Amino acid sequence: MSSPKKPTWTGKAKATERDFNDLNPIITYRHLFAQNLGVRDPLRVIALCDSDAFYAACEMVRLEVDKETPLVVLQWEALIAVNYAARKFGISRMDKLKDALERCPHLKVVHVATYKEGEKEPGYWDNVDTNTHKVSLDYYRRESVKISKLFKELLVECEVEKASIDEAFFDFSKPVREILLQRYPYLATVPPNAPDGVDTPLPPPPPIHWDDLGWVIPINPPPPSEQVEEENKGQENDIDQEKDKVQEDVSSSWKDEESIPTWHDVALSIAAELMGSARAQVLQKLGYSTSAGIARNKFLAKLTASYKKPNSQAGSILRNAAIPNYLKPIAFRKIRFLGGKLGKAFAQEYDASTVTPLDDMQNKFGEESIWVYEVLRGIDRAEVKDKGSVLNKSMLASKNLPKPIKNASEGHHWIRVLAAELALRLNDARKESPNLWPKTLVLHARKGYEAGRSKQAPFPFTREITVDYIATLGDKLWKELVGNNVAMNVSSVQLAFTGIDVTEVGQQSIEGFLQNSRVNKRSREDGINPDQHFQSDNTRAPDDQSNIRPSYTCPRCSKTYHLPDATSGVDSDVALKALRMEHEDFHFAQDLTRESDQVPIVVGSPRPLNKNKKQRKEPVGIEKFFGRK
DNA sequence: GTGGATGAG
DNA sequence: CGCTCATCCAC
């Protein structure tokens, strides 16, 4: 890799497209002033920030234990999270609880929250039983939301992409540019003597004070280190930390000579400041320590973040100049998306031949090779995109049954449990985006050791999503999938929403859901009455065949409603239920407007069954479905 | 729409 | 390593 070139006005080079791929691009005034260069921005700065041992950290916050207390999170018999205090005892996620306790007798052991019979909310119980309980990760999701909200508040100028429950990408390019221009005002105008005008390279950057900004990955790593990291797979221990200390000492002796700063380095350092102070606030306000990696793109930011953990003081920073040597010893499997089969295949191919032209790779691996080819050279064009309110396109609740189901009622039972969880979670998500709508409901079931099978059905929109509503549809799917076989032997059940998206208000009704519905002969302009999505009998033409179609008669207004004719592929019971719920919504809205015209119709607010009686609160959560076996 | 494959943690 | 969760794609 070429050594860093010092940008200078006297240089003959004029920046071209080609330079965008370079690790040491010539950065011109045009680059600096540009607003929408996106992934081609030579000043692009991306950070990945993730929480250290997130589930364990959540439990530490919840239980108010100090960070020195070794703690593990348990899911049945398996460790799913180990905090750093516990890792010092050599405990890892792979261990059995028994082994962990042998290594650390005073280990704090916390089982994840579970749904339990007779309780409406998930909770932390003394004795959990996989035969009767179901794991709930809700608390972690909520904490995760808290954290990402705070980050977004603190870093309003950034693009933020929540990548998983415990990590997010940040694109610092915009705020960094602004600070760059504030701090170095002379950059704001192209000097009159600049040879190529706005295409003139920027003047040499000032020296950078990296102190306290983070761990700056060395350009030339000390000879005998680094590869060691491969062998002890992610197992941080005292030896590792010693190793790091040594590295730090060694690096300081030659760091200065090696580092000829670039404006991108300045950009990195500014991002490190911003990221660092945001992380400090998250730690202070919410109690979560995080690790960050800062680099020129997502892939490298991710890789950099995992370089050195935990990382409470500062993040890790990967300068462009350090990329080649940093990448060299990194195992394929550590790269995102290459942790599995694909990575293995590539690794084999690379071992076989030292020279691997892109053409060859493409012959063997197709499209994917371009991404891999570039990524191995430190290039990643993936953008940081704000997924907004629709973080997930699907939502799944599942349960593995240690003792397989033998009769239909047990299946019914678990479906209602899973439905309850989905209802809770979707209604929760709707607090953020009221118009969230899962297009389909999918039921998976596995019999014995066979491969799992699934059935799915369209999921009609309702303003209020109830357990009953989901479970009714789930039961239908169960019948299709499992039937009533005596020896059903179902060992795993999963219920999922898929195709979750926000919908237009006009598309929300059951009417919008039903295809080819002819029932609405009148135009929609005839009023905003939400009760007119279906005609009742007294408005129906005499020649119709509504009497043979499924119908529903409202006990309050005595009107009878029918499903439209062409409801192919739609389960009539479910459609009818949707129809009924929507009609009830109508009454609910009427009641509200009658009581006060100030009260808005709030999604998820309880619907009084009878406004004159004392409100009988409908059981929330899964309470009513447990203990009804 | 169904079912399988893949991957993260 | 067992479990939970998520996405993508061939058919």
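Small disclaimer: the values here were computed from a predicted structure and weren't measured. Labels below follow one simple rule: chain letters A, B, ... track the order of the sequence lines, proteins then strands, and each chain is numbered from 1.
- The cationic atom of A:R87 (NZ for Lys, CZ for Arg) lies less than 6.0 Å from the six-membered ring centre of A:Y84 and within 45° of the ring axis.
- For the salt bridge (Lys or Arg N to Asp or Glu O under 4.0 Å) test, residues two or more places apart in sequence or in another chain that qualify with A:K302 are A:E167.
- Computed from coordinates, the A:L481 CG to B:dG1 C1' distance equals 13 Å when rounded to whole Å.
- Look at NZ on A:K96: it is 8 Å from C1' on C:dG2, rounded to the nearest Å.
- At a threshold of 4.0 Å, the pair A:D380-A:R296 does not count as salt-bridged, since none of the basic side-chain nitrogens sits closer than that to a carboxylate oxygen.
- Distance A:L441 CG to B:dT2 P: 11 Å, rounded to the nearest Å.
- Note on A:E421 versus A:R425: salt bridge recorded, some NZ/NE/NH1/NH2 to OD/OE distance being below 4.0 Å.
- Under the 6.0 Å distance and 45° angle rule, A:R430 counts as a cation-pi partner of A:F461.
- For the pair A:E59 and A:K108, the salt-bridge criterion is not met [side-chain N within less than 4.0 Å of a carboxylate O].
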Just by protein heavy atoms under 4.0 Å, how would nucleotides 4-11 of chain C read 5' to 3' in B, S and -? SSSB----
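- Here the C1' atom of nucleotide C:dC1 and the CG atom of A:D95 are 11 Å apart, to the nearest Å.
- Of the possible polar contacts, one joining the A:K399 side chain to the A:H133 backbone as a donor-acceptor pair under 3.5 Å is found.
- Atom CG of A:L443 and atom P of B:dT2 are 11 Å apart (whole Å).
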Going 5' to 3' through nucleotides 4-9 of chain B, assign each nucleotide B (protein heavy atom under 4.0 Å from a base atom), S (under 4.0 Å only from sugar-phosphate atoms) or - (no protein heavy atom that close). S-SSSB
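- We find that A:R141 and A:D428 are not joined by a salt bridge, their nearest charged nitrogen and carboxylate oxygen being 4.0 Å or further apart.
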